[in-house]
Amino acid sequence: MPTFDDILEQVGEFNRFQKQTFFLLCLLSAAFTPIYVGVVFFGFTPEHRCFSPGVAELSQRCGWSLEEQLNHTVPEWGGHGTAFGSRCRRYDVDWNATGLSCTDPLGSLAGNRSSIPLSPCRDGWLYDYPGTSLVTEFNLVCEDSWKLDLFQSSVNAGFFIGSVNIGYIADRFGRKFCLLTTILANVVCGILLVFVPSYLWIVIFRFLQGLVSKGCWTAGYILVTEVVGPQYRRTVGILYQTAFSVGLLVFDAIAYAIPHWRWLQLTVTLPSCFFLLFHWFLPESPRWLISQGKNDEAKKIVSDIAKKNRKKMPSHFEDIKFEDDDEGGKQSPSLIDLVRTPQMRKNTLILMYNWFTSSVLYQGLIMHMGLAGGNIYLDFLYSALVEFPAAFIIIITIDRVGRRYPWAAANLVAGAACLVTALIPADIYWLKLIAACLGRMGITMAFEMVCFVNTELYPTYIRNLGVMVCSALCDVGGIVVPFIVYRLVEIWHELPLVVFTVLGLIAGGLVLLLPETKGRVLPETVEDVENFHRQSAPKDKKIYLHVQTSEVARD
């Protein structure tokens, strides 16, 4: 009896129908970008200082330039523009007082400037930025800067909770239903974000966006890999992730054109409304329909695939069923199975650590770049461009060199590049940027590789559970990384990069302890995992279709 993959060979594995589906879902992947890394522009923190009443009038009376005004009235300004004192404290003086000298106003109040008391910014801040961001609108600086961390952590907390629940919906009610419902929920939350007036409601709706958006992206990934033939699945999966990189470029251009965060949020959300048209243009997964016993619907979709691909197809499906190698030997997945035996335990712990590290370094490098002090739009562009060669390197190496060595090398390069970036002086900015981009390319490779290697290291009966549990550490990393970046830069600007270095180098070393999966049959049991050197080929669970081939559709 032929499998569903055999049917795809007859009706087309990656022809017009699959290419159309792939293109539409790549648009969905690209639209995920503002949710995943939007904090770079939505939460941009410009140079800022305390607003001091009377300073503007005094500056106008004395004819000061802006630099003279800052030197005379802002603590620690001379050569220390990034210091806490210059951003979060002001001189506790009355600038409206008469008799202040224009050449040395503080000297006329006290003989020594250091003896003048400092006070918090009671009257707000001034921002050197022509647009608006969450930071400038809600003053998320100084003592309230942790609220920006919470904004980004909330969306990752949504990812963490939603990925499991949305995964259940996709398996229970179908990939297409899951896509459409999560798209609708994401659009509603994204639009409401534009109009809510308070920081608390912004965090709530950002969390709700995270709750549905990652599950939406994952459902698209599952659907696009289920409608293509087996020889195209890995490449299509990698290119689907590359579409996210295209989204980075588009998002950067839109953010440059629209420097006001609410208008930017509305602009990147409204196009997602068109994704609701997928109801008429996207098919349900035939594999899912067959697994649910909906054979007539599956037959119709396969017929549509053949028609659009201009292929002939078997005309009658008499029976569709699952065939198990051993009906009496079914195993029930359990969390304890992930750590029960030595090899399973090693695989699980290493994969969990690599999911965590990939998320921390990927998001962390993007956030740190937003604090680097250069042109944020150009820096974002350069770092996004290096994701394309990363995908190309993966495609040409995984079936030639294998998985383990390119994956380990990617982590090591990312870690080493972070250290080099931290050590390069700030005045050699071009070299610092090159090193940072190399780190971004390395962690992009590592992130994409952990996605599919994870599935190759677990036996069939526990594969989905293993991927779900290990990838949950990705979202945990996303929750903690804002606090790592935004808190540590207050101690030393390059300190987050040092932390990334340690995490990346350890991840690269641990990957070398995993078995190579290139050319290996997927393990069926825990015993297969424990003896991975064996080349036996257990029969995977497949969908079989009884096909009557006596009647063939005519062109």
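In this chain, numbering begins with 1 at the start of the sequence shown. In this text the structure is predicted, and so the values were computed from the model without any measurement.
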Legend entry - Test item: R403 side-chain N/O and I398 main-chain N/O as donor-acceptor pair under 3.5 Å: yes
Inset, instruction - Determine whether C26 and Q241 make a side-chain contact, defined as any pair of heavy atoms from C-beta on separated by less than 4.5 Å. - result: no
Legend entry - Lys/Arg N to Asp/Glu carboxylate O, R87 vs E47, below 4.0 Å: yes
Inset, instruction - Without swapping roles, check the side chain of K176 against the backbone of L282 for a donor-acceptor pair under 3.5 Å. - result: yes
Legend entry - Value rounded to 0.5 Å, distance of CG in D252 from CG in L385: 9.0 Å
Legend entry - Between R487 and S145: side-chain donor-acceptor atoms closer than 3.5 Å: yes
Legend entry - Side-chain (T501) to main-chain (G415) donor-acceptor, under 3.5 angstrom: yes
Legend entry - Identified ring-ring contact (aromatic ring centres under 6.0 Å, His included) counterpart of F41 within the set Y129, F380, W261: F380
Inset, instruction - Report yes or no: do S383 and R440 form a side-chain donor-acceptor pair below 3.5 Å? - result: yes
Inset, instruction - Ignoring hydrogens and angles, state whether a donor on the side chain of N354 or N411 is under 3.5 Å from an acceptor on the partner side chain. - result: yes
Legend entry - Pair W355, N454: side-chain N/O donor-acceptor within cut-off below 3.5 Å: yes
Inset, instruction - May I ask you to decide if V453's main-chain N or O and E456's side chain share a donor-acceptor pair within less than 3.5 Å? - result: no
Legend entry - Short side-chain to backbone donor-acceptor contact, Y199 and K147, under 3.5 Å: yes
Inset, instruction - Calculate, to the nearest 0.5 Å, the distance between atoms CG and CD1 belonging to L433 and I424 respectively. - result: 10.0 Å
Inset, instruction - Kindly indicate whether the side chain of F388, heavy atoms from C-beta on, has any atom under 4.5 Å from the side chain of L249. - result: yes
Legend entry - Donor-acceptor side-chain pairing of Q18 and E13 below 3.5 angstrom: no
Inset, instruction - Please check if any side-chain donor atom of R206 sits under 3.5 Å from a side-chain acceptor atom of Q209, or the reverse. - result: yes
Legend entry - Shortest non-hydrogen separation from G509 to L412 and the atoms involved: N-CD2, 4.3 Å
Legend entry - Ring centroid separation W430 to Y382 under 6.0 Å: no
Inset, instruction - Could you grab the distance from atom CG of L497 to atom OG1 of T421, nearest 0.5 Å is fine? - result: 6.0 Å
Inset, instruction - Report yes if some heavy atom in the side chain of I202 is under 4.5 Å from a heavy atom in the side chain of F138; otherwise report no. - result: yes
Inset, instruction - Using modelled atom types only, decide if a donor and an acceptor are shared between the side chain of R49 and the backbone of L126 within a distance under 3.5 Å. - result: no
Legend entry - Expected output: side-chain T33 to main-chain F244 donor-acceptor under 3.5 Å: yes
Inset, instruction - May I ask you to check whether Y458 and T348 show a side-chain donor-acceptor distance below 3.5 Å? - result: yes
Legend entry - Between Y429 and D379: side-chain donor-acceptor atoms closer than 3.5 Å: yes
Inset, instruction - Scan side-chain atoms only and decide if Y127 and N139 contain a donor-acceptor pair under the 3.5 Å cut-off. - result: yes
Legend entry - Test: C50-C88 SG spacing under 2.5 Å: no
Legend entry - Heavy atoms from other residues, nucleotides or ligands near CH2 of W201 exceed 12 (cutoff 6.0 Å): no
Inset, instruction - Using atom types as modelled and distance alone, determine if a side-chain donor or acceptor of Y405 lies under 3.5 Å from a backbone N or O of E516. - result: no
Inset, instruction - Indicate whether the side chain of Q152 and that of Q363 have a donor and an acceptor atom separated by less than 3.5 Å. - result: yes
Inset, instruction - Give a yes or no answer on whether the side chain of S359 reaches the backbone of D475 with a donor-acceptor pair at less than 3.5 Å. - result: no
Legend entry - Side chain to side chain, N156 and V480, heavy atoms closer than 4.5 Å: no
Legend entry - The single option from L510, L473, V511 passing side-chain contact (heavy atoms from CB on, under 4.5 Å) against Y353: L510
Legend entry - H48 side chain to V135 backbone, donor-acceptor under 3.5 Å: no
Inset, instruction - Examine the side chains of E137 and S133 and answer whether a donor and an acceptor come within less than 3.5 Å of each other. - result: no
